[in-house]
Amino acid sequence: MALTAEGVVFRHGNETVLDRAGLRLEPGQILGLTGPSGSGKTTLARVLTGLRVPDAGRVRADGTPVGTTRGRMDGRVGLLHQSPRSATDPRMSLRRIIAEPLLSRGRGRGGRGETAARAAEFAARAGLPEDLLDRYGRQVSVGQLQRACVARALAASPRYLVCDEPTAMLDAVSTAGIAALLSSLAHGGTGLLVISHDHALLEAWADRVRGIGDLAG
Ligand SMILES: Nc1ncnc2c1ncn2[C@@H]1O[C@H](COP(=O)(O)OP(=O)(O)OP(=O)(O)O)[C@@H](O)[C@H]1O
């Protein structure tokens, strides 16, 4: 059981961004990934989550290929984006944002009341008070919106979660809160790949830290 990438090659035009990259992420593991700006970390995150198809190589979750179906992401591999504002619709309430995976996968069948209550449970686990949930995304802070994105990831319950600079836009207090929250996800068995420029954070937080340049071969 693992999320694996083998021999992944990805090109943007003439530029080879990923050259035979490989990695293995186990359930419950926190794997840190660092690398200079422009070295291909976000590209790798998109390939691992099935949002981009590599030119060569393969990505598998628990032995079967990762890919999108009719534009929908593979439910086994989630993505937490560095910018919660661009990852959410500003016209949606936080409750609706968090409920999205419940609705899109038919898990909201218990009715609107039950879906709303479940969204509130995930929000509470992500440290969001209930009175914020009826605000729109544009009416809350970046840190609060990132917590809503984590709550949405909790609702989707992926087996693996790729976090692309999840704390890049947050202050120290919000960073510590999000890190604790993601750690609790890993304790529950979710494998986390955390991409960050913050070496100190990764060294303190991840089980293992790798540089993107070391993934080749
Ligand atoms: N849509 C695109 N079209 C062409 N080139 C792109 C595109 N997206 C990214 N690139 C190029 O691919 C390379 C890798 O970009 P990527 O965003 O994966 O790097 P990164 O390591 O995540 O950088 P950062 O740390 O600055 O976020 C860069 O040289 C970038 O210019």
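These figures come from a predicted structure and were not determined experimentally. Order of appearance sets the numbers: ligands from 1, and atoms from 1 within every ligand.
- In this structure, the separation between CG on Leu185 and CZ on Arg125 is 7.0 Å, given to the nearest 0.5 Å.
- Within the structure, side-chain hydrogen bond (donor to acceptor under 3.5 Å, both in side chains) pairs that include any residue of residues 175-195 comprise Ser183-Trp205 (at least two apart or interchain).
- Listed by chain and number, His12, Glu15, Val17, Pro36, Ser37, Gly38, Ser39, Gly40, Lys41, Thr42, Thr43, His197 each place a non-hydrogen atom less than 4.0 angstrom from ligand 1.
- Here side-chain hydrogen bond (donor to acceptor under 3.5 Å, both in side chains) pairs that include residues 45-67, with residues two or more places apart or in two chains, are Asp62-Arg159, Asp62-Tyr160, Thr64-Arg76.
- Among Thr88, Leu94, Leu102, the single residue meeting the side chain to side chain contact (heavy atoms under 4.5 Å, CB included) criterion with Arg152 is Thr88.
- The shortest side-chain heavy-atom distance between Leu161 and Val194 does not fall under the 4.5 Å cut-off.
- Listed by first and then second residue, the side-chain hydrogen bond (donor to acceptor under 3.5 Å, both in side chains) pairs involving residues 5-15 amount to none (not counting sequence neighbours).
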